[in-house]
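Heads up, the thing below is written out as structure tokens.
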Amino acid sequence: MANTIIGDNLANIPWQDKPAGCKDVCWRYDNNPVIARNHLPMSNSIFNSALVPFGDGFAGVFRVDSKCREAFIHVGFSKDGINFDISEERIEFNCDIEEVAPMIEGYDPRVCKIDDKYYVTWCNFYHGPTIGIAWTTDFKTFHQSENAFVPCNRNGVMFPRKINGNFAMLSRPSDQGHTTFGDIFYSESPDMTFWGKHRFVMGTQGGWQSKKIGAGPIPIETSEGWLLIYHGVQYSCNGFVYSMGAALLDIDEPWKVIARGKPYILSPQRDYECMGDVPNVTFPCAALTDAATGRIAIYYGCADTCTSIAFCQVDELIDYIKTNSKV
Ligand code: BMA
């Protein structure tokens, strides 16, 4: 089969077939959102969250903004990837590094399994936003490491295996505020502490991705390269609009872009994507994949308020990127 996912099978991936007559490459779960803003009594909103297969179900890290409007990361579990049991308490990271330990804020987590560890990366605060890192094996105890970069940086997204013998991460240098610029960069580390070999991957283009871009889910290894789903931002008279796009990166040198879809794959169009605390935001942070069928389920935050799922098929998505590519 052409255009295949290189990875595990996931028979229990949440899935709905593309609706008859749908002409889009990516389609929404018809019972979105799957996590409501008031899922927890203390939550103002739950969005931009990440999920991985764990045991016979799923585990994840969730961005929960409280009714005090403070953002932290909470752990959660799901049997089916659709119904969630999320902790009311934020994760207390074990950290013996005095300068890193105080958790002032944490948001937009990703989770990446490498060998027997699940690495969580998130937007941490250390004199500005930067990339926090922790690992767990059981989603009970989380060990926090050094922050990856000096501030300001957001959207740290790890690759699911070492590249050239090193851990690898995408990130997006930013500023203290609601950054009006942003390109995706690549870095490597031999030990998850010292990061270097920084490479430019890709920058803004026209239209929906003209203001800034940032990596979304953990890149998906395919026969055609790393499949990167990312967010792109346009500045309109109503403020920022966050859509989703996709690109293919070279397997051995992932800073080299093989193909990049010029049109978006999903943009804020439904009421739950257009109305909320920050209108017009679709922000992908995780993707489940099934190598056997080529199915992909994307988890994305909606309007900085709730969490939804969209589906696509790997071969169709890769064809779409290649046919509509502008590198
Ligand atoms: C970014 C982050 C995201 C958020 C997005 C849209 O800068 O704060 O958490 O979803 O803006 O508000």
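Counting convention: from 1, in listed order, for ligands and their atoms alike.
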Residue pairs, two or more places apart or on separate chains, that pass salt bridge (charged side-chain N to carboxylate O under 4.0 Å, His left out) and touch residues 220-237: R161-E221, E224-K322
message: Test of understanding: clusters of I, L, V, M, F, W, Y form through side-chain heavy atoms closer than 4.5 Å, transitively. Do F54 and V120 belong to the same one?
response: yes
- request: Step by step, work out the side chain to side chain donor-acceptor pair (under 3.5 Å) result for Q234 and Y242.
  value: CA-CA 7 Å; Q234 180 169 24; Y242 282 70; over 6 Å; no
field: Pair S187-H198, side-chain donor/acceptor within less than 3.5 Å
entry: yes
Inventory of protein N or O atoms under 3.5 Å from ligand 1 N or O:
| residue | atom | partner | partner atom | Å |
| --- | --- | --- | --- | --- |
| ligand 1 | 9 (O) | N48 | ND2 | 3.1 |
| ligand 1 | 9 (O) | R63 | NH1 | 2.8 |
| ligand 1 | 9 (O) | D108 | OD1 | 2.9 |
| ligand 1 | 9 (O) | D108 | OD2 | 2.6 |
| ligand 1 | 10 (O) | N48 | ND2 | 2.9 |
| ligand 1 | 10 (O) | D304 | OD1 | 2.6 |
| ligand 1 | 10 (O) | D304 | OD2 | 3.4 |
| ligand 1 | 11 (O) | Y242 | OH | 3.0 |
| ligand 1 | 12 (O) | D304 | OD2 | 2.7 |

message: Through direct or indirect side-chain contacts below 4.5 angstrom among Ile, Leu, Val, Met, Phe, Trp and Tyr, which residues connect to L51?
response: L10, I13, W15, W27, Y29, V34, I35, L40, M42, I46, F58, F62, V64, I82, F84, I86, L288, Y299, I309, F311
query: When clusters are formed from ILVMFWY side-chain contacts under 4.5 Å, directly or step by step, what else is grouped with V100?
result: I97
